[in-house]
Amino acid sequence: MARAWAAVRPLVNSCITGSLVGLTIADRYASVVAVDGESMYPTFKPQPTERALVEKLCLHRYNFSRGDVVVLRSPRDQALVVKRLIALPGDWIQVPEKQEIRQIPEGHCWVEGDNASLSWDSRDYGPVPLGLMQGRATHILWPLNRIGRIDRKMPEGRIMPGQ
């Protein structure tokens with residue numbers, strides 16, 4: 001038994017070490033997220049389910065930019081969702097569906113799906129706390145024919161940056 005353990009022990013140590021390194025990378029630096037549904041069409045196609053690389057270094061100082069595609073916990077049900085970041089704290093945004101102009105409070109942002117008619121987002125639940133952010137989606141990884149960088153896009157004429 002001792003001889004068998006001695007032979008297997010390096011493999012077990014390598015597996016444990018590899019798992020810890022993998023968890024650290026996924027928690028602090030990058031991970032992969034599946035993007036389901038049609039709320040981000042045409043950036044993400046609904047079929048087949050696409051996979052995106054999520055960069056997490058942006059979380060250390062909430063280093064996001066308008067137009068980024070972000071991954072966050074929904075304020076509605078804590079599900080992981082993918083949306084486009086439209087406005088940052090202090091910005092003013094025109095909400096066309098409600099014919100109003102709102103200022104984004106400190107510590108919050110405004111997110112919307114690219115496909116407005118099929119997206120549940122800030123137009124429904126208002127500004128989102130930055131603490132719900134999980135990272136920034138930077139590249140499509142799957143399917144192979146869609147591999148590439150995700151572009152930043154902004155709606156025209158709806159945002160007035162804060163000071």
Keeping Arg152 on the side-chain end and Gly67 on the backbone end, is there a donor-acceptor pair under 3.5 Å?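 Such a contact is absent between Arg152 side chain and Gly67 backbone.
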With sequence neighbours excluded, residues passing side chain to side chain contact (heavy atoms under 4.5 Å, CB included) with [X]:
X      : answer
Asn145 : Pro143
Glu156 : none
Arg76  : Ser74, Trp120
Ser39  : Lys83, Ser119

Cluster check Val81, Leu130: I/L/V/M/F/W/Y, side chain < 4.5 angstrom: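 Yes, Val81 and Leu130 fall within the same hydrophobic cluster.
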Point to revise | Cluster overlap Leu132 with Leu88, hydrophobic side-chain contacts below 4.5 Å | key: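 As far as the 4.5 Å side-chain criterion goes, Leu88 and Leu132 are connected within one cluster.
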Non-neighbouring partners of [X] that pass side chain to side chain donor-acceptor pair (under 3.5 Å), sequence neighbours left out:
X      : value
Thr49  : Asp36
Arg136 : Glu55, Asp68
Gln134 : none

Holding to salt bridge (charged side-chain N to carboxylate O under 4.0 Å, His left out), I want the full list of residues that pass it with Arg146, two or more places apart in sequence or in another chain.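 Once residues adjacent in sequence are excluded, the partners of Arg146 under the salt bridge (charged side-chain N to carboxylate O under 4.0 Å, His left out) criterion are Glu50.
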With heavy-atom distances below 4.5 Å as the criterion, would you say the side chains of [X] and [Y] are in contact?
X      : Y      : result
Leu80  : Val33  : yes
Cys109 : Pro127 : no
Thr138 : Ile150 : no
Gln103 : Asp91  : no
Met40  : Pro46  : no

Q. Tell me the salt bridge (charged side-chain N to carboxylate O under 4.0 Å, His left out) pairs involving residues 109-124, sequence neighbours left out?
A.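 Pairs touching residues 109-124 that pass the test: Arg84-Asp114, Glu97-Arg123, Glu112-Arg123, Glu112-Arg158, Asp121-Arg123.
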Original post:
What is the distance from atom CG of Asn115 to atom OG1 of Thr43, rounded to the nearest 0.5 Å?
Top reply: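 Spacing of CG (Asn115) from OG1 (Thr43) equals 10.0 Å.
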| said: As an exercise, state the distance from CD of Glu100 to CD of Gln94, rounded to the nearest 0.5 Å. | reply: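 Between Glu100 CD and Gln94 CD, I get 10.0 Å after rounding to 0.5 Å.
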Which other residues belong to the hydrophobic cluster containing [X], where Ile, Leu, Val, Met, Phe, Trp and Tyr are joined when side-chain heavy atoms lie under 4.5 Å apart, directly or via other members?
X      : answer
Ile86  : Ile93, Val95, Ile104, Trp110, Met154, Ile159
Ile101 : Trp92, Met160
Trp142 : Leu144, Ile147

- For Phe64, does the CZ atom have more than 12 heavy-atom neighbours from other residues, nucleotides or ligands under 6.0 Å away?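 Correct, the count exceeds 12.
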Return the minimal non-hydrogen interatomic distance between [X] and [Y], and the atom names on each side.
X      : Y      : result
Leu85  : Ser65  : CD2-O, 3.3 Å
Glu106 : Gly90  : OE2-N, 4.2 Å
Tyr125 : Val111 : OH-CG2, 4.3 Å
Val82  : Phe44  : CG1-CE1, 4.0 Å
Ser31  : Lys56  : OG-CE, 3.3 Å
Gly126 : Arg102 : CA-NH1, 4.0 Å

